[in-house]
Amino acid sequence: MSAPPQHLFHPANAADYRQAVGSTLDHLLGHLAGTAGRPLTGVTPRDAAERVAAVDLDRPLGGGSEALAELSRLWLDDAIWFHEPTAAAHLNCPVVIPALMAEVLVSGVNSSLDTFDQSAGATFIERHLVDWTAARIGYDERADGIFTTGGTQSNLQALLLARGQQVAPADRLRILAGADGHFSVQKAARVLGLGDDAVVAVPVDASRRMDPAALAAALADTTADGLVPMAVVATAGTTDFGAIDPLPEVAALARAYGAWCHVDAAYGGGLLVSPRRRGRLAGIELADSVAVDFHKTWFQPVSCSALVVRDGSTLGHVTWHADYLNPKDSAHPNQVDKSLQTTRRFEALKLWMTLRMMGADAIGEHLDTVIDLTDAVAAELTAMPDIDLAAAPQLSTIVFRHRPDGLDEVALASHNAAIRAELFDDGRALVAATRVEGRAYLKLTLLNPVATVDEVLGIVAMVREAGERLVGAPGAPRPRAERLAVAR
Ligand SMILES: *Cc1c(COP(=O)(O)O)cnc(C)c1O
């Protein structure tokens, strides 16, 4: 055999591979060393777009160091760093090193999890993790599941299984979900051809959990109208408030109406390994399916997620036999029969390495730590006269806003939007925005187990400081468009 060409993963290129990956790692560590106290630079979309657009993809740079240097200008110099305590906007977490070790292996070996003949032991590593997660949920040996790209895909697949259990025509099917549920439920209804009207928003109570009485009423109304409640989606950890719907009550009502009960635990699923707060998920084992995002509260890199079902045979709703891949008479096990995807990355290995090196308790303790942190910060915020808390936190989010005297709702909305934009532009902190009952709020999503109360209060201090400056400066804030036009 002739020598393999440069760049191919091959034993003859082992030295090149080591050098390439080593220099890439050094390059990354160089950036990592320089992020201190600055989770982002606040690059404008315009600047970022211009720099990328200027690259001629038909003219390769050739060398790795040239490509890495270019990449710094296009991305890494201005990347958002999730290990920084002041990055506190979204459900994207700092990651653990065992998972990064797995990433090296996953990409190099390039197993594909659709069939055993493309993955060998990887198939069983994934299955073992699914079984382990199922046992943590409280399912028995009938359970099964599959790794997915995220909560969005898990919710879609769960609703596809629910759809498969029904014989009624699509236009009569309804999905009942909490008003604070995730929008991927609406998207799934669209993909399934059920239409936007298929999703019925069930009101939440004062603690922002689905109100079981309202669910009972919605189910009764649905059937009284001659419609079929196909599924009830409970959320275990809503994206804004971290609220956990009353799982036993919701599951019992779903069962009484013959509806599939899905628990979207994309966010709260980390409680499955929490040493101190597992009890908050009591009743999750009564659901027909559960979505868990390991890439949120389990500190795994994107993407790493799973859908677990109480009765594995229901996964048959996504099975299709293809002669070239998974013929009916194959002696080999395969995972493609359980998945919406065909070619599928070995994301499960990240969780495997994490459990083998750190153990589940360590992950759960990290989550407990960020929930403690959230409670401590929120307690401080309640004492601040110019800070408005939308609700007491339930997991690791704080929905709040700066409310100086004399601003009405409309002014408060633009005031808080301006504060957020200023923090982003300065590169000092990343906070999110949301709306509650039509009112504009800011949101902290805390997922960093090394962040301290003082560091998080520092973000709030920046919010108040920016807010006071904006109120004090007549004509402020400058319009966003003007700031975007400032060349860097
Ligand atoms: C994040 C989230 C999702 C979507 O999950 P992805 O992994 O982003 O696809 C679904 N539901 C809830 C409650 C979430 O917080």
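Positions are given from 1 along the sequence. In this text, all values refer to a predicted model and were calculated from it rather than measured experimentally. Counting convention: from 1, in listed order, for ligands and their atoms alike.
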For this session: Please determine if D264 has a nitrogen or oxygen closer than 3.5 Å to a nitrogen or oxygen of ligand 1.
Result: yes

Checking heavy atoms under 4.0 Å, the part of L91 that sits near ligand 1 is side chain

For the aromatic rings, using the six-membered ring if either is Trp, is the centroid distance between F346 and F147 under 6.0 Å? no

Within 4.0 Å of some non-hydrogen atom of G237, the atoms of ligand 1 are 13 (C)

Self-check item: Mutual orientation of the aromatic rings belonging to F299 and H366 [parallel < 30°, tilted 30-60°, perpendicular > 60°]
Solution: perpendicular

Note: ligand 1 atoms sitting under 4.0 Å from heavy atoms of G150 are 7 (O), 9 (O)

Using non-hydrogen atoms of the residue, decide whether S305 is closer than 4.0 angstrom to ligand 1. no

Ligand 1 to A266, heavy atom cutoff 4.0 Å, flagged ligand atoms 2 (C), 3 (C), 10 (C), 11 (N), 12 (C), 14 (C)

- Query: Side chains of H295 and D293: donor-acceptor distance under 3.5 Å anywhere?
  - Reply: yes

- Query: Should D388 and R401 count as an ion pair when the cut-off is N to O under 4.0 Å?
  - Reply: yes

task = Indicate yes or no: does D426 engage R38 in a salt bridge with an N to O separation below 4.0 Å.
result = no

Contacts under 3.5 angstrom, residues 443-452 side chains, donor-acceptor by atom type, not counting sequence neighbours:
unit_1, atom_1, unit_2, atom_2, d
K443, NZ, T239, O, 3.2
K443, NZ, D240, OD1, 2.8
T445, OG1, A89, O, 2.8
N448, OD1, V450, N, 3.0
N448, ND2, H83, O, 2.8
T452, OG1, E455, N, 3.0
T452, OG1, E455, OE1, 3.4

Candidates H182, H90, H295, K187; heavy atom nearest atom 4 (C) of ligand 1 found on H182

Residue, atom and distance of the protein heavy atom nearest atom 6 (P) of ligand 1 read G151 N, 3.3 Å

So for K296 against ligand 1, with non-hydrogen atoms under 4.0 Å, the contacting part is side chain

re atom 9 (O) of ligand 1, the protein heavy-atom contact at minimum distance is T152 OG1, 2.7 Å

Is it the case that atom CG in D140 sees more than 12 heavy atoms from other parts of the structure closer than 6.0 Å?
yes

Atom pairs and distances, donor-acceptor, side-chain atoms in residues 96-108, under 3.5 Å, two or more places apart:
unit_1, atom_1, unit_2, atom_2, d
E103, OE1, R345, NH1, 3.0
E103, OE1, R345, NH2, 2.9
E103, OE2, K350, NZ, 3.0
S107, OG, E103, O, 3.1
S107, OG, R345, NH2, 3.1

* Asked: Can you tell me if D293 has a non-hydrogen atom under 4.0 Å from ligand 1?
  -> yes

| Based purely on interatomic distance, does T239 place a nitrogen or oxygen under 3.5 Å from a nitrogen or oxygen of ligand 1? | yes

